K.L.:
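To start, I am sharing the structure in question, which I have written as structure tokens.
Quantities reported herein were computed from a predicted structural model and do not represent experimental measurements.
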Amino acid sequence: MSRRCFSLTESRNWCYRLAFAKSGLRSALTDLRDGGGTVVHCWVPKARSPAKPDLLLIHGLGANALWQWADVLPHLAPHYNLFVPDLLFFGDSSTSRPDRSDAFQARCLMRVMEAHSVRRLSLVGLSYGGFVGYSMAAQSMEEEAAVAVERLVICCAAVCIEEKDLKEGVLSVSDLEEAVMILVPHTPARLRELMGYTLSRPPPLGLIPSCLLSDFIDAMCADYIEEKRDLVRAIPRNRKISEIPKITQPTLIIWGEHDHVFPLQLGHRLKRHIGDNAHVVVVKDTGHAFNVEKPKEFCKLLKMFLVDQQPPPASSSPDSESEKRTTEKSSTSC
């Protein structure tokens with residue numbers, strides 16, 4: 001697909017690169033030398049401070065690390081050595097290996113962190129990045145692990161989704177291939193559909209010029225289309241809660257109240273799976289992209305949990321699914 005002479009998306013990319021550099025980060029490529037040509041791009045500290053802990057920020061589907069983390073960096077850079085990778089098939093990260101699992105993405109990031117002499121870290125994972133982050137936390141608990149994950153924040157990532165959930169109508173879109181086409185859009189119409197699913201109160205989507213949407217698709221979504229779609233297909237494949245490891249690290253689970261990609265009940269399911277080490281915070285009046293809709297609240301929660309290491313506000317994390325079951329039992333008994 002040919003690129004336009006002027007791209008608003010590429011211009012914004014340039015601005016984000018400046019923002020990353022201003023936050024003390026530089027671009028770095030790591031060749032994993034795994035026989036599959038796996039190369040991972042990561043923004044790393046220009047000068048790593050031994051007085052600061054290390055923090056890994058993992059993006060989700062839709063765009064590269066620049067677009068999803070630029071607004072967060074100024075809030076976290078004073079407190080952490082930041083590492084912000086592009087997942088495989090995003091940005092300058094790629095592989096010829098056939099594995100499309102989140103566990104493989106996690107193993108690659110573990111090796112990248114090891115290559116940068118990171119031995120202990122906390123992490124934040126957005127959406128698909130939350131699947132990868134959870135897998136990293138589980139892998140770090142293995143005896144031979146070279147990198148330890150100490151604390152993690154999982155944002156609207158349905159780690160405890162099961163393959164049967166698609167058939168049972170737990171998700172808004174029950175057909176996997178339809179979900180794949182929405183989550184990895186290749187036309188303006190599909191991108192509008194994605195925005196409608198991810199935002200609680202989307203702008204008038206019909207008024208957004210198709211040329212702007214096409215520009216974004218050309219710049220951000222034109223490469224590795226099938227590989228990205230295979231990442232989505234791999235998420236529910238043979239997935240069962242009984243086979244998902246239970247992590248023991250302190251975990252903050254953040255979810256949008258009106259998430260139409262992964263409904264809130266999946267956040268509470270994840271909390272129950274992890275147990276007492278996990279806390280759920282529901283961001284009111286937001287959807288899947290709560291970090292876009294309420295960025296100040298998102299940054300406040302990250303600082304509270306990661307920097308101040310305080311528990312989240314109890315009033316923000318009711319187990320609505322449990323409350324729903326209790327209400328249904330009360331209604332039946334009446």
Side-chain angles (χ1 to χ4, degrees), residues 12-13 15-28 40-60 62-87 90-91 106 109-110 112-113 116-130 132-134 136-137 140 147-157 249-256 279 281 283 286 289-313 316:
R12 195 167 182 181
N13 252 334
C15 293
Y16 284 150
R17 286 180 179 274
L18 286 181
F20 270 54
K22 188 177 180 180
S23 294
L25 302 181
R26 64 176 177 85
S27 176
V40 179
H41 173 262
C42 186
W43 291 90
V44 304
K46 295 177 183 177
R48 188 174 168 204
S49 170
K52 294 180 182 179
D54 299 318
L55 179 64
L56 179 69
L57 304 177
I58 313 174
H59 69 83
N64 59 27
L66 290 169
W67 283 68
Q68 298 189 31
W69 293 114
D71 295 334
V72 175
L73 297 186
H75 300 274
L76 297 176
H79 309 283
Y80 282 95
N81 295 307
L82 296 179
F83 294 83
V84 192
D86 285 317
L87 292 171
F90 295 85
L109 291 190
M110 293 287 269
V112 171
M113 292 299 96
H116 287 285
S117 301
V118 174
R119 295 295 176 260
R120 310 184 73 82
L121 59 83
S122 295
L123 65 82
V124 185
L126 282 176
S127 193
Y128 178 73
V132 178
Y134 190 95
M136 287 185 70
S140 79
V147 180
V149 175
E150 297 180 318
R151 299 172 75 84
L152 65 156
V153 181
I154 302 294
C155 304
C156 53
Q249 296 92 333
T251 304
L252 177 61
I253 302 167
I254 312 178
W255 224 272
H279 298 272
V281 170
V283 183
T286 64
F290 66 82
N291 58 308
V292 174
E293 295 182 286
K294 290 192 176 181
K296 290 183 180 179
E297 186 167 346
F298 178 46
C299 291
K300 181 179 178 181
L301 289 170
L302 292 182
K303 185 176 182 298
M304 182 183 300
F305 181 75
L306 294 171
V307 179
D308 303 331
Q309 298 197 0
Q310 296 178 0
S316 298

K.L.:
Arg48: which residues meet the side-chain hydrogen bond (donor to acceptor under 3.5 Å, both in side chains) condition with it, sequence neighbours left out?
P.N.:
Asp54
K.L.:
Report, as yes or no, whether the 6.0 Å neighbourhood of atom NZ on Lys52 holds more than 12 heavy atoms from other residues, nucleotides or ligands.
P.N.:
yes
K.L.:
Once side-chain hydrogen bond (donor to acceptor under 3.5 Å, both in side chains) is applied, do any residues pair with His75, and if so which ones, sequence neighbours excluded?
P.N.:
none
K.L.:
Taking the side chain as everything from C-beta on, heavy atoms only, tell me whether Trp43 gets closer than 4.5 Å to Leu57.
P.N.:
no
K.L.:
If you look at every heavy atom in Asn81 and Phe83, which pair is closest and at what distance?
P.N.:
O-CD1, 3.6 Å
K.L.:
What closest approach, in Å, do Cys155 and Val124 show between heavy atoms, and which atom pair accounts for it?
P.N.:
SG-CG1, 4.1 Å
K.L.:
Among Leu56, Ile253, Leu123, Ile58, which residue satisfies the side-chain contact (heavy atoms from CB on, under 4.5 Å) criterion with Leu152?
P.N.:
Leu123
K.L.:
Is the closest side-chain heavy-atom distance between His41 and Ser27 below 4.5 Å?
P.N.:
yes
K.L.:
Taking everything shown except Lys296 itself, do over 12 heavy atoms lie less than 6.0 Å from its NZ?
P.N.:
no
K.L.:
Quick check: do Phe20 and Leu73 have side-chain heavy atoms less than 4.5 Å from each other?
P.N.:
yes
K.L.:
Taking atom CE of Met304 and atom CG of Leu252, what is their separation to the nearest 0.5 Å?
P.N.:
9.5 Å
K.L.:
For the pair Asp86 (side chain) and Ala65 (backbone), establish whether a donor and an acceptor sit closer than 3.5 Å, ignoring hydrogens and angles.
P.N.:
yes
K.L.:
Which value, rounded to the nearest 0.5 Å, describes the distance between Leu66 atom CG and Arg12 atom CZ?
P.N.:
11.5 Å
K.L.:
So which of Leu121, Leu302, Leu306 actually passes side-chain contact (heavy atoms from CB on, under 4.5 Å) with Leu55?
P.N.:
Leu306
K.L.:
Quick one: pull up CG in Leu109 and CG in Leu87 and give me the separation to the nearest 0.5 Å.
P.N.:
6.0 Å
K.L.:
Taking all non-hydrogen atoms of both residues, which atom of Ala70 and which atom of Tyr16 are closest, and how far apart?
P.N.:
CB-CD2, 3.3 Å
K.L.:
Quick one: pull up NE2 in His79 and CG in Asp308 and give me the separation to the nearest 0.5 Å.
P.N.:
7.5 Å
K.L.:
Does either side chain, that of Gln249 or that of Ser140, offer a donor lying less than 3.5 Å from an acceptor on the other one?
P.N.:
yes
K.L.:
Identify the two heavy atoms, one from Glu150 and one from Pro250, that lie closest to each other, and give their separation to 0.1 Å.
P.N.:
O-CD, 3.3 Å
K.L.:
Would you say that Phe298 contacts Val283 through its side chain, given a criterion of any heavy-atom pair below 4.5 Å between the two side chains?
P.N.:
no
K.L.:
Looking at every non-hydrogen atom in both residues, tell me the closest pair between Arg151 and Phe305 and how far apart they are.
P.N.:
NH2-O, 3.1 Å
K.L.:
Closest approach of Pro295 and Val292, non-hydrogen atoms and distance?
P.N.:
CD-O, 3.4 Å
K.L.:
Before you tell me yes or no, could you show the steps for Tyr134 and Thr251 under side-chain contact (heavy atoms from CB on, under 4.5 Å), namely the whole-Å CA-CA distance, both residues' side-chain angles and the distance that decides it to 0.1 Å?
P.N.:
CA-CA 10 Å; Tyr134 190 95; Thr251 304; 6.0 Å; no
K.L.:
Going from SG on Cys42 to CZ on Arg26, what distance comes out if it is rounded to the nearest 0.5 angstrom?
P.N.:
9.5 Å
K.L.:
Between the side chain of Ser23 and the main-chain N/O of Leu25, is any donor-acceptor distance below 3.5 Å?
P.N.:
no
K.L.:
Whether the Asn13 and Trp67 side chains hold a donor-acceptor pair (N or O, under 3.5 Å, no angle test) is what I'd like checked.
P.N.:
yes
K.L.:
If you round to the nearest 0.5 Å, how far is CG of Asn291 from CD1 of Ile254?
P.N.:
9.0 Å
